[in-house]
Amino acid sequence: MNRIHPAQEAARCLLCKDAPCTAACKTGDPARAVRAVRFGNMDNAAKWLESCSQVDLEAAEKACIHYDRPIRIREIAAALPKPAKAAQAQPDLAIDFCGIHCESPFFLASSAICTNYDMVARAFDAGWAGVFYKTICMQDIVEVSPRFDAVKGPEGSFSGFRNMEQLSENPVETDFDILRRLKQNYPGKVVVASIMGQTEEQWIELAKMAEAAGVDAIELNFSCPQMRMAGMGSDVGQNPELVTFYTAFVKRNVNIPVIPKMTPNLATMTQPAMAAYFAGADGISAINTIKSVTMGGEVSGKKAISGYSGKAIKPIALRFILEMSRNPVMKNLQLSGIGGIETWRDALEFIQLGCRNVQVCTAVMEYGYRIIDDLTEGLQTYMDERGVKSVDELVGEKIEEFVRPSDLDRDTMVFPTIDREVCIGCGRCYTSCSDGGHQAISFGEDRQPRIIGQKCVGCHLCRLVCPTGAIGVAKRINKR
């Protein structure tokens with residue numbers, strides 16, 4: 001068999017519903033194992049295949065309906081680490097957010113993934129800890145068709161996702177009745193009403209209706225980038241004065257936590273976030289989608305600017321979270337992180353930069369509520385391996401690692417090193433270094449790249465482009 005990287009092969013999987021590969025396997029669940037690899041749980045994936053014989057795995061592979069070629073299930077299984085010894089007691093994922101007890105930090109974000117009772121109930125049954133329900137307003141919402149577009153990666157998954165979705169189309173009374181029933185039927189789950197008004201009176205009325213429905217908290221949508229009516233959504237979030245007024249209006253009229261949702265469509269989020277803080281906000285949700293254009297996406301036969309989400313925006317979202325976390329004025333303002341969260345590692349990054357919960361949207365739209373399994377299991381495994389007893393211990397632990405560019409060490413460097421056993425001689429490192437770096441790699445007839453120490457500046461472009469992970473790092477040394 002050829003050597004494969006399980007994660008790269010798993011990325012090809014179509015993640016079928018009622019997967020034929022599992023149906024054909026008598027003793028295990030190949031689909032679940034591949035999904036675990038796909039969502040960053042490689043250390044746990046083998047447990048779904050422990051009892052499978054090669055005959056079972058071959059049958060599963062033959063049953064694969066991939067349009068190109070079957071997923072190499074047997075090779076994935078052979079490359080997986082042995083199942084980790086099960087912890088005697090899984091770490092507890094419970095955490096408090098704005099005084100609200102949450103069974104885990106994993107929430108649905110206010111969006112198309114939570115627009116009615118049945119959807120949210122199924123998400124709760126699957127294991128999600130809470131919901132920021134789709135934004136409720138008093139305006140008549142008329143959506144366009146189609147209203148989604150995606151930028152796809154090599155295997156067809158979303159690199160980025162663009163949407164023209166607005167707010168809930170339900171009557172106000174219908175949505176608050178849904179929230180009331182959700183809280184009654186799922187008292188252990190967290191139900192947050194997201195609202196958006198156009199006037200002071202609308203903000204206050206919606207907030208009072210939300211509190212009367214029994215929700216745990218209210219999110220103020222100051223951030224939707226595609227509202228067709230002026231004075232709503234990101235029009236508010238870009239104006240610190242309006243953020244102050246509307247936050248204060250709501251805070252004076254309800255007794256439950258109030259959480260403004262910030263727009264990223266500005267140079268800095270600190271000013272509107274501080275405005276919300278001084279108006280009495282209990283927390284901040286960030287970020288909403290980024291205004292964008294994709295040339296292939298048409299809406300009603302025309303093109304328009306709308307919101308961009310998905311994996312592509314995660315670094316931008318983390319930047320905004322870090323800036324707010326490091327602001328000493330807002331140290332008591334709790335954060336809910338949003339933006340490109342797909343795996344437990346993504347969620348962990350937001351938590352380590354100061355978030356006490358995370359909200360997921362695009363990944364659910366693409367893969368369904370089922371991703372909660374790998375979010376929770378992955379985070380628990382990580383905590384168990386580190387000996388971390390609670391999510392609280394992880395909150396903000398990486399903030400101090402970030403410094404200003406002027407504080408970075410510029411007197412030392414780290415050379416890349418090449419593992420000859422892993423290198424396959426493709427020459428990618430040579431090409432990138434030659435045309436985008438410092439011409440510090442040679443590549444001869446033996447197809448073996450070699451670092452030219454006199455030219456190498458330690459930028460590590462070669463390590464980033466290596467498809468097999470053959471390039472690592474040496475010890476940090478003083479520059480010559």
Side-chain angles (χ1 to χ4, degrees), residues 40-41 87 89-110 114 120 123-124 126-133 182-183 186-194 215-219 256-261 277 281-287 314 317-318 320-322 324-326 330-339 341-361 363-364 369 371-400:
N41 273 325
Q90 289 285 9
D92 187 1
L93 297 183
I95 187 169
D96 289 348
F97 174 68
C98 294
I100 306 164
H101 185 71
C102 313
E103 67 182 51
S104 84
F106 300 116
F107 281 57
L108 300 180
S110 177
C114 44
V120 179
F124 285 168
W128 292 86
V131 61
F132 286 73
Y133 189 75
L182 284 169
K183 195 59 194 174
Y186 293 91
K189 303 291 185 176
V190 179
V191 177
V192 181
S194 177
V215 301
D216 296 287
I218 298 171
E219 182 182 71
I256 55 178
V258 174
I259 307 161
K261 186 174 184 177
Y277 172 74
D282 300 278
I284 291 289
S285 293
I287 61 175
K314 188 184 75 168
L318 288 171
F320 282 118
I321 293 295
L322 178 63
M324 289 189 288
S325 293
R326 296 181 68 178
M330 299 189 299
K331 63 181 179 180
N332 295 322
L333 197 62
Q334 298 191 358
L335 300 177
S336 178
I338 318 164
I341 297 167
E342 185 172 289
T343 71
W344 66 268
R345 287 191 179 91
D346 299 327
L348 176 65
E349 291 174 5
F350 279 85
I351 294 168
Q352 290 176 321
L353 291 186
C355 294
R356 297 188 69 81
N357 71 24
V358 295
Q359 301 179 40
V360 183
C361 172
V364 171
Y369 300 133
I371 65 172
I372 188 61
D373 293 345
D374 284 299
L375 287 169
T376 54
E377 186 172 37
L379 185 57
Q380 285 178 320
T381 299
Y382 171 82
M383 291 169 63
D384 182 60
E385 290 174 349
R386 276 190 55 186
V388 173
K389 302 301 182 184
S390 73
V391 179
D392 267 306
E393 297 178 44
L394 302 173
V395 176
E397 67 173 356
K398 296 289 186 180
I399 294 173
E400 297 303 320

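If you read the sequence from its start, that first residue is 1, and numbering goes on from there. No experiment lies behind these values; they were computed from the predicted model shown.
Considering only heavy atoms from C-beta on, Val120 stays 4.5 Å or farther from Tyr186 through its side chain. In this structure, the side chains of Trp128 and Leu375 come closer than 4.5 Å at one or more pairs of heavy atoms. Using a 4.5 Å heavy-atom cutoff, the side chains of Asp92 and Ser390 are not in contact. Contact of the Thr381 side chain with the Glu377 side chain is registered, since non-hydrogen atoms from C-beta on lie closer than 4.5 Å. Contact annotation: the side chain of Phe132 never approaches that of Ile338 to less than 4.5 Å [non-hydrogen atoms, C-beta and beyond]. Counting heavy atoms from C-beta outward, Val215 and Ile256 have side chains that approach closer than 4.5 Å. Side-chain contact check for Gln90 versus Thr376: every heavy-atom pair is 4.5 Å or farther apart. Residues Leu93 and Pro105 are in side-chain contact: their nearest non-hydrogen atoms beyond the backbone lie under 4.5 Å apart.
Here Ile95 contributes atom CD1 and Asp392 contributes atom CG; the two are 4.5 Å apart, rounded to the nearest 0.5 Å. Note that OG of Ser325 is 14.5 Å distant from NZ of Lys398, once rounded to the nearest 0.5 Å. The NZ atom of Lys261 lies 12.0 Å from the CD1 atom of Ile284; values are rounded to the nearest 0.5 Å. Once rounded to the nearest 0.5 Å, the distance linking CG of Asn332 with OH of Tyr277 reads 5.0 Å. Summarising the geometry, atom CE belonging to Met324 is positioned 13.0 Å from atom CD belonging to Gln334; distances are rounded to the nearest 0.5 Å. Atom CD1 of Ile259 is separated from atom SG of Cys98 by 4.5 Å, given to the nearest 0.5 angstrom.
The pair Lys314-Glu349 meets the salt-bridge criterion, since a charged nitrogen lies less than 4.0 angstrom from a carboxylate oxygen. A salt bridge is defined here as a Lys NZ or Arg NE, NH1 or NH2 lying under 4.0 Å from an Asp or Glu carboxylate O, and Lys189 with Asp216 fails to meet this definition.
When every heavy atom of Ala317 is checked against every heavy atom of Phe350, the shortest pair comes out as CB-CZ, 3.8 Å. Across every non-hydrogen atom of Glu103 and Ala129, the tightest pair is CG-CB, 3.5 Å. Annotation for Leu333 and Gly283: closest pair CD1-N, 3.7 Å, computed over non-hydrogen atoms. Of all heavy-atom pairs spanning Glu219 and Ser110, the tightest one is OE1-CB, 3.9 Å. Between Ala347 and Ile341 the shortest heavy-atom distance is N-CG2, 3.9 Å. Between Ala109 and Cys114 the shortest heavy-atom distance is O-SG, 3.3 Å.
With hydrogens and angles ignored, the 3.5 Å screen pairs a side-chain donor or acceptor of Asp346 with a backbone N or O of Thr343. A donor-acceptor pair under 3.5 Å is absent between the side-chain atoms of Gln359 and the main chain of Phe107, judged by distance alone. Under a 3.5 Å cut-off, the side chain of Ser336 and the backbone N or O of Val358 do not form any donor-acceptor pair. With hydrogens and angles ignored, the 3.5 Å screen pairs no side-chain donor or acceptor of Arg356 with any backbone N or O of Val395. Remark: side-chain polar atoms of Glu342 are not paired, donor with acceptor, to backbone N or O of Ala363 under 3.5 angstrom.
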I'd like to know whether Phe106 forms a side chain to side chain contact (heavy atoms under 4.5 Å, CB included) with Leu379, so could you lay out the CA-CA distance, the side-chain angles of the two residues, the decisive distance to 0.1 Å, and finally the verdict. CA-CA 11 Å; Phe106 300 116; Leu379 185 57; 3.8 Å; yes
Starting from the C-alpha separation in whole Å, work towards a yes-or-no answer on side chain to side chain contact (heavy atoms under 4.5 Å, CB included) for Met330 and Leu335. CA-CA 10 Å; Met330 299 189 299; Leu335 300 177; over 6 Å; no
